[in-house]
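Worksheet for the structure shown next.
These figures come from a predicted structure and were not determined experimentally. Whatever order the structure lists them in is the order used to number ligands and atoms, beginning at 1.
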Amino acid sequence: MTTNPNLLTPFKATKADVESSSLRQISEDAFYVINEVVTRRLGHIPILKGDLHDLPYKVQRFVAEKAELMRPRGIFICDGSQHEAEQIISKLIERGMLTPLAAYENNYLCRTDPKDVARVESKTWMVTPDKYQTVTHTAPGAEPIMGHWMSPFEFGGELDSRFPGCMAGRIMYVIPFSMGPLGSPLSKIGIQLTDSNYVVLSMRIMTRVNPDVWEVLGNNDFVRCIHSVGLPRPVKQRVINHWPCNPERVLIAHRPSEREIWSFGSGYGGNSLLGKKCFALRIASNIAHDEGWLAEHMLIMGVTRPNGKEHFIAAAFPSACGKTNLAMLEPTLPGWKVRCVGDDIAWMKFGEDGRLYAINPEAGFFGVAPGTSNKTNPMAVGTFQKNSIFTNVAETSEGRYYWEGLEDEIKDKNVEITDWLGNPWKLGDATPAAHPNSRFAAPAKQCPIIHPDWESPEGVPIEAIIFGGRRPDGVPLVFETFGWHHGIFTGACLKSETTAAAEHKGKNVMHDPMAMRPFMGYNFGKYLDHWISLEKAPHKVPKIYHVNWFRKSKEGKFLWPGFGDNIRDTAVGVIPSQGSINLDGLGDINWDELMSLPADYWKQDAKEVRKFLEDQVGSDLPNEIREELESQEKRIEAL
Ligand SMILES: Nc1nc2c(ncn2[C@@H]2O[C@H](COP(=O)(O)OP(=O)(O)OP(=O)(O)O)[C@@H](O)[C@H]2O)c(=O)[nH]1
Ligand SMILES: O=C([O-])CC(=O)C(=O)O
Ligand SMILES: [Mn+2]
């Protein structure tokens, strides 16, 4: 394990920190009398499992001070074992929070409170002393969309009104986890405290939870993850579906320089599994900036060509825009093979040989359920046949999961279905059976096409980066960018239709630069500078492409079959000409409509892109990107 010097910086209290009682920490002096302090701080709180005094001192201190703050009825130190999971699962089945899906081995259904179904972007914050560490110098009147800043002072108040006593009557679980293979030079360790059993079970699938973490960690620093469902006992409001949460009081806040995450009020995936978006993207992008690497919202896949040569690709699409599906694609073209390394997050660092190496920091897939079927994504289906948790899907009376897209896989059309809300449901009903953002959490190692090197400590070498989104109009199926700067510019201009992955209503095409808009951990202008700075000797930067599987005809139909057909022969040139992409077996493809560049559309788009960059990145826009903007405008003007 290499030690990140930034993680070792002792806690520096600002004035606001000192004023916030939630942030008060055991002083460095107390460190040396830790046993005594830990014991005093814990007072009467019993340790239900594990021995706190066996853990590294910094962990003891963290656990003790947060237990003193949140006052759980007991502390449970997780070991991540199967036995531990089984104990928790049987308790939750008894309580009615989990339903076994009897048709499979060790698969469970969980229904949340219907108010807690997706990430809450409006309540997700970066807390930095200087506002411009988080957001760019936007034009007057423009509200920054990349990065959501809160001052430490305000944050102190928000914490104090939520966390003291918030775990009363509940157990505080201590989850040691590694993002990335334990001990890899690219991996990082976090400790999550949580009062949610669902989080414990899901973190076991999504990260590496293991007592070896304590040894690898030693006395180094770790990412501090504090999570509470925000409903201390005795509970005053009605708990729906045995899913405690506090939607009115949700807060997901990050202190990047302290490598600390505070999440309150939601039990849902991206808000509560703090290793994922909070750590592996928002905090890690800060660490990556300081250490010269990249933490991105990207899948990682290996594509083997008929000649036997394998190429690794990383691809960034916004939430619910097809990463899981592309990462596990089964090519319809004979002789091609895809193997999956990761489906959501890539940590990438240039190696000494100048190549860009990527690891998947996660250990599982937290994938969108609707639309996933044996027809569209048989490899995902193969992955979640056992040991998986399904959240907010429907179930059949035969003990199977059900969601939109599985209509053709139901053998008995009269089977009884219960929808995600727990109501009887039949095929053809107007309401959806599953929530559109319902998800499966499944261990990556169960994926039939998981890459043999997916846990390789040094990662896999990336040759190409793809950006993409849901663009119903104007944007061709695929194009290659002119080079590193033009590729970054293209990524910065990424747009996509909003989806059910967050609280946005309806389908609006929205900017989602680098597919990172909800996950930006620091100033987006500095982020672009960082990307630009990576092109230097001996780095061999990957080629950058843009794809759009989601273009629609005037009749509103997808022009491209998608899924398994998303891989075709290599395109030569910027936009491939007809005939250069193998379309065998695809039936009627309207090539001209799929690949056209409608001049009016692009002229309009160019104006909008300039306004977006000027408003949103303002004076932080790197010159290199401004130059790309100007050249692109000239090319579009000449269309
Ligand atoms: N038409 C069409 N739909 C697709 C395609 N790929 C994925 N989808 C659908 O888009 C939805 C989301 O796809 P995912 O692959 O789960 O998206 P993701 O990017 O991994 O999403 P996050 O986990 O939210 O980051 C699912 O309903 C898919 O069935 C495609 O090539 N064409
Ligand atoms: O964070 C989540 O809940 C799931 C996810 O991958 C995303 O939204 O991009
Ligand atoms: Mn995602």
Do H227 and T194 have side-chain atoms, one donor and one acceptor, less than 3.5 Å apart? yes
Classify the angle between the aromatic ring planes of W531 and Y527 as parallel (below 30°), tilted (30 to 60°) or perpendicular (above 60°). tilted
Would you please say whether a donor-acceptor pair under 3.5 Å links the side chains of N508 and E497? no
Looking at K543 and E463, is there a salt bridge between them, counting it only when a charged N and a carboxylate O are closer than 4.0 Å? no
Under 3.5 Å, is there a donor-acceptor pair linking the side chains of D116 and W243? yes
In ligand 2, the atoms that come under 4.0 Å of a heavy atom of F519 are 9 (O)
Atom 9 (O) of ligand 2: which protein heavy atom is closest, and how many Å away? S319 OG, 2.5 Å
Should you measure from each heavy atom of H297, which atoms of ligand 2 turn up under 4.0 Å away? 9 (O)
Show which atoms of ligand 1 fall inside a sub-4.0 Å distance from at least one heavy-atom site of G371. 27 (O), 29 (O)
C321 and ligand 1 - part of the residue with a heavy-atom distance under 4.0 Å: backbone
Numbered atoms of ligand 1 (with element) below 4.0 Å of S319, judged on heavy atoms: 21 (O), 22 (P), 24 (O), 25 (O)
Which atoms of ligand 1 are found less than 4.0 Å from any heavy atom of V368? 16 (O)
Relative to each other, are the rings of W420 and H435 parallel, tilted or perpendicular (30° and 60° limits)? perpendicular
Note: F365, heavy atoms under 4.0 Å from ligand 2, region reported as neither
Quick one: give me the number of protein N/O/S atoms under 2.8 Å from the Mn ion (ligand 3). 3
Are R282 and F519 in a cation-pi setup, meaning NZ or CZ lies under 6.0 angstrom from the ring centre and within 45 degrees of the ring axis? no
Compute the centroid of each ring, for F264 and then for W262, and state whether the two points are separated by less than 6.0 Å. no
Which segment of D344 sits under 4.0 Å of ligand 1 when only heavy atoms are counted: side chain
Quick one, H530 with Y522, criterion ring-ring contact (aromatic ring centres under 6.0 Å, His included). Give me CA distance, side-chain angles, the key distance, then yes/no. CA-CA 11 Å; H530 179 54; Y522 63 97; 7.0 Å; no
For P318, the atoms of ligand 1 under 4.0 Å from one of its heavy atoms are 19 (O)
Any nitrogen or oxygen of A320, main chain or side chain, under 3.5 Å from a nitrogen or oxygen of ligand 1? yes
Below a 4.0 angstrom heavy-atom separation, can you tell me which part of D344, side chain or backbone, both or neither, approaches ligand 2? side chain
Closest to atom 23 (O) of ligand 1 (judged by heavy-atom distance), picking from R439, H297, R119, E404: R439
Identify whether the distance between the nearest side-chain nitrogen and carboxylate oxygen of E310 and R339 falls below 4.0 Å. yes
Considering only heavy atoms, which of A327, A501, P370, G405 lies nearest to atom 26 (C) of ligand 1? P370
Can you classify the ring geometry of F440 versus F384 as parallel (below 30°), tilted (30 to 60°) or perpendicular (above 60°)? tilted
For R439, is the nearest heavy atom under 4.0 Å from an atom of ligand 2? yes
Decide salt bridge (charged side-chain N to carboxylate O under 4.0 Å, His left out) for E121 and K277; before the verdict, give the C-alpha distance in whole Å, the side-chain angles of both, and the deciding distance to 0.1 Å. CA-CA 11 Å; E121 295 179 2; K277 305 297 178 176; over 6 Å; no
Nearest option to atom 2 (C) of ligand 1, as decided by whichever heavy atom of F366, W549, F550 sits closest: F550
Tell me whether K323 has any N or O atom under 3.5 angstrom from an N or O of ligand 1. yes
A501 heavy atoms within 4.0 Å reach ligand 2 at atoms 8 (O)
Check ligand 2 against K276 and write out every atom of the ligand that is under 4.0 Å from a heavy-atom position of the residue. 6 (O)
Atom 3 (O) of ligand 2 [closest protein heavy-atom partner, distance rounded to 0.1 Å]: G270 N, 3.1 Å
Compute the centroid of each ring, for H546 and then for F467, and state whether the two points are separated by less than 6.0 Å. no
Contacts of type salt bridge (charged side-chain N to carboxylate O under 4.0 Å, His left out), residue K507, not counting sequence neighbours: none
Would you kindly specify which portion of R470 sits under 4.0 Å from ligand 1, judged on non-hydrogen atoms: side chain, backbone, both or neither? side chain
I'd like to know if the side chain of S596 pairs up with that of R551 as donor and acceptor (distance under 3.5 Å, no hydrogens or angles considered). yes
Considering only protein heavy atoms, which is closest to atom 8 (O) of ligand 2, and at what distance to one decimal place? R119 NE, 2.8 Å
Does the separation of the ring centres of W149 and W125 fall below 6.0 angstrom? no
Using heavy-atom distances only, which candidate in A369, G322, A380 approaches atom 17 (O) of ligand 1 most closely? G322
Note the single closest protein heavy atom to atom 6 (O) of ligand 2, along with its residue, its atom name and the distance in Å. K277 NZ, 3.0 Å
Has R208 got its NZ or CZ under 6.0 Å from the middle of the six-membered ring of F177, at an angle within 45 degrees of the ring axis? no
With a 3.5 Å cut-off and no angle check, do the side chains of E593 and W591 form a donor-acceptor pair? no
